[in-house]
Amino acid sequence: MLDKPQTKSMLDTPVAERMPREIAPGVFWIGDCLAQRHKGKVYHGYNAAYLVAGNDASILVETGHPKDFPVIERHMNELFARGVAPLKYLFVTHQETPHCGGLGRILKTFPESFLVGDVSDYHLAFPQYEHRMRAMNEGDEIDLGGRSFMAVEPVIRDLRTTWWGFDTKERVLFPGDGFAYSHYHEDGHCGLIAEEAVSLDLPDVSSTFADLALFWTKFADMNVYCDRLDHLIARLDVKVIGPTHGLPITDVATTVPKVQAGLKAAALMPETGTNEKVAAA
Ligand SMILES: [Zn+2]
Ligand SMILES: [Zn+2]
């Protein structure tokens, strides 16, 4: 929509200059990484946000981690300065800090914006913005001008109140905690899409993330969930995936099975608990 997507030269681009990144026309990946230590390795995770720009209005999907607000705000302002339509909506997949931790600051900074999606309990934290909250259900669409944003079935989630989002124009799925996996800063993965990060072992990092963050996957038949995911992807004809914690996926047919292999593998391993604290004696 603005410049051409910058997929070709990204590997030669310094990490700091890779974001905001247009992963599909009018769909911008923004935000920053979060470093976490696990099993002696430094894993980087994203708590990404995405700006979807229509002709008349833009919607922000997720707000990033609370620490990321200055970066998210700067990236958005860069895009608005380049002519992207003003922010009218904020959609968060669910009420967890890495997804909605900037919600109050977004609503304060953009006084014309509305919060949409599942809006349970937000009015208790932010009563001053209650009149700007609109509940969405599955299939509800918001018109942005030339494209719309739809709430869709959240197949893999950690809260019952979760909705996933979908851009009807470029067929981009925003699956929140689905397709969650870490990446390695040392290997230069930051700001790359999944298919560019060729040294990233997707089944391995997907299974690690499921182990740490989606404990219920230990007790469910993940074949059923992966089949349901395939069904959703086929039904919506998904072309691009913008996960909150993983790298964006632009080759759905090739990359999705690798993430699913990680989910299925993690389901067969005993739970290791949360982030390591002290080495066991
Ligand atoms: Zn999450
Ligand atoms: Zn990183």
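Both counts, for ligands and for their atoms, begin at 1 and track the order of listing.
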Undergrad: Please tell me whether Ser148 and Thr168 have a donor and an acceptor in their side chains that are separated by less than 3.5 angstrom.
TA: yes
Undergrad: Roughly, to 10 degrees, what angle do His99 atom NE2 and Asp177 atom OD1 form around the Zn ion (ligand 1)?
TA: 90°
Undergrad: Scan side-chain atoms only and decide if His99 and Asp177 contain a donor-acceptor pair under the 3.5 Å cut-off.
TA: yes
Undergrad: The Zn ion (ligand 2) as vertex, arms to ND1 of His44 and SG of Cys33: angle to 10°?
TA: 110°
Undergrad: Between Arg21 and Glu196, is there a side-chain N and carboxylate O pair less than 4.0 Å apart?
TA: yes
Undergrad: Look at His183 and state whether any of its N, O or S atoms is less than 2.8 Å from the Zn ion (ligand 2).
TA: yes
Undergrad: Would you call the rings of Tyr50 and Trp29 parallel, tilted or perpendicular, where under 30° means parallel and over 60° means perpendicular?
TA: parallel
